[in-house]
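Step one of this worksheet: look at the structure below.
Residue numbers start at 1 and run along the sequence shown. Everything numeric here is computed off the predicted structure, so don't read it as measured data. Note: hydrogens, waters and symmetry copies are ignored here, and every other heavy atom, side chains too, is used.
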Amino acid sequence: MIRNAKSIWIILSITVLLVTLYFYDAKPNSSAEEILLWGMLILSFPVSLLCALAIMTFNYILYQVMDVVITTSVISIVSIWLVYFALGYWQWFSLIPALYRYIKCKDS
């Protein structure tokens, strides 16, 4: 069961990345990144909310302090996807099972 869930989750995550890259039009303000953000927000919820907050804070600081504007590019899409993917994978397939085992052991 867990192996199937993991496979489905990974396939869906890769699909989100591939669809995003397919619709990316190489414009500085490409809206293709929204596909990535919404897809990975859903797949990696709730840790994705913290990830989104961290990314927004980082971009805000770069803009306010260093006057750097982050534009959408293939590198930014893949980088952001990797962060969401790694955190979502850790959450669903390491943290949650560990918490389940801990609670199960504690109740016994």
Pairwise distance [atom1]([X]) to [atom2]([Y]) - rounded to 0.5 angstrom:
{"X": "T72", "Y": "E34", "atom1": "OG1", "atom2": "CD", "result": "9.0 Å"}
{"X": "S13", "Y": "Y89", "atom1": "OG", "atom2": "OH", "result": "11.0 Å"}
{"X": "L50", "Y": "Q91", "atom1": "CG", "atom2": "CD", "result": "9.0 Å"}
{"X": "L36", "Y": "S76", "atom1": "CG", "atom2": "OG", "result": "8.5 Å"}
{"X": "I10", "Y": "T15", "atom1": "CD1", "atom2": "OG1", "result": "11.5 Å"}
{"X": "I96", "Y": "W90", "atom1": "CD1", "atom2": "CH2", "result": "8.5 Å"}

Heavy-atom side-chain proximity of [X] to [Y] below 4.5 angstrom:
{"X": "S73", "Y": "Y24", "result": "yes"}
{"X": "F58", "Y": "L62", "result": "yes"}
{"X": "W92", "Y": "P97", "result": "no"}

Side chain to side chain contact (heavy atoms under 4.5 Å, CB included) between F85 and V78: does it pass, once the steps are laid out?
CA-CA 10 Å; F85 181 85; V78 173; over 6 Å; no
The test is side chain to side chain contact (heavy atoms under 4.5 Å, CB included); show your working for F23 and I35 and say whether it passes.
CA-CA 9 Å; F23 285 107; I35 298 168; 3.9 Å; yes
Around atom CG of L99, are there more than 12 heavy atoms from other residues, nucleotides or ligands closer than 6.0 Å?
yes
Between [X] and [Y], is there shared hydrophobic-cluster membership here, with clusters defined by ILVMFWY side-chain heavy atoms closer than 4.5 Å?
{"X": "V65", "Y": "V68", "value": "yes"}
{"X": "L82", "Y": "Y84", "value": "yes"}
{"X": "V16", "Y": "I42", "value": "no"}
{"X": "L49", "Y": "L53", "value": "no"}
{"X": "M40", "Y": "Y22", "value": "no"}

Take the angle between the ring planes of F93 and W9 and call it parallel below 30°, perpendicular above 60°, tilted in between.
perpendicular
Here's a test for you: under side chain to side chain contact (heavy atoms under 4.5 Å, CB included), which of L17, I75, L37 qualifies with I80?
L37
Minimum-distance pair of heavy atoms, taken over all atoms of G88 and S44
CA-OG, 3.5 Å
Which atoms form the tightest heavy-atom contact between C51 and V83, and what is the distance?
SG-CG1, 3.3 Å
Determine, step by step, whether S48 and L87 satisfy the side chain to side chain contact (heavy atoms under 4.5 Å, CB included) criterion, reporting the C-alpha distance in whole Å, the side-chain angles of both residues, the deciding distance to 0.1 Å, and the verdict.
CA-CA 8 Å; S48 59; L87 289 174; over 6 Å; no
